[in-house]
Amino acid sequence: MQAADLDRIAELLDPNVHWGTCVNRDQALNWYRSRLGGVRADVTEVDIDNDTIEVGTTVHEDGLTYGARQAFRVAEGAIVEIRPLPERT
């Protein structure tokens, strides 16, 4: 993400990855493409739970800074699902 390398991101995603309203890799990459110019996310935590990688970030966007957490479910070496997680309290 920090390198804004969509080809490297594409290599990680299953062709049928589900993420929000995105139901395939092309849709997910289009979403990333639209955000790469003005958003920076710093990774603050990484936890692995079976087939899921939980990632916490601090996001910097349009003068705002906020925390965000996501779960990346992996199957056969590719990310098949991305979903939001609640912030830690």
Handout entry: Spacing of I48 atom CD1 and N50 atom CG [to the nearest 0.5 Å]
Key = 10.5 Å
Practice task
Answer yes or no: is there a donor N or O on one side and an acceptor on the other, between the side chain of N24 and the main chain of Q27, under 3.5 Å?
Solution key: yes
Exercise for the section: Over all heavy atoms of both residues, which pair between L6 and L29 is shortest? Give the atoms and the distance, please. Expected result: O-CD2, 3.9 Å
Practice task
Decide whether D42 and H60 meet the rule of one side-chain donor and one side-chain acceptor closer than 3.5 Å.
Solution key: yes
Practice task
Say whether V17 and L12 are linked into one hydrophobic cluster, either directly or through other cluster members, by side-chain heavy-atom distances under 4.5 angstrom.
Solution key: yes
Exercise for the section: State the CD-CG distance between E81 and D51, to the nearest 0.5 angstrom. Expected result: 9.0 Å
Exercise for the section: Answer yes if the side chains of Y66 and E61 hold a donor-acceptor pair under 3.5 Å, and no otherwise. Expected result: yes
Problem - Side-chain heavy atoms of V46 within contact of E54, under 4.5 Å - result: no
Fill in the blank from the handout: Note: L13 and A78 closest approach over all heavy atoms is C-CB, 4.2 Å
Fill in the blank from the handout: Taken to the nearest 0.5 Å, the spacing of L85 CG from I82 CD1 works out to 11.5 Å
Handout entry: Pair W19 and Y32, ring centroids less than 6.0 Å apart
Key = yes
Exercise for the section: Check whether any side-chain heavy atom of V74 lies under 4.5 Å from a side-chain heavy atom of I53, and answer yes or no. Expected result: yes
Problem - hydrophobic_cluster_shared for V23 and F72, side chain cutoff 4.5 Å - result: no
Fill in the blank from the handout: So CZ of R25 and NE2 of H18: to nearest 0.5 Å the spacing works out to 13.5 Å
Exercise for the section: Look at E45 together with R69 and state whether they make a salt bridge at an N to O cut-off of under 4.0 Å. Expected result: yes
Exercise for the section: Could you tell me whether the side chain of V80 reaches within less than 4.5 Å of the side chain of N16, counting heavy atoms only? Expected result: no
Problem - pair T44-V55: side-chain heavy atoms closer than 4.5 Å - result: no
Handout entry: Flag side-chain contact, heavy atom, 4.5 Å: V59 against T65
Key = no
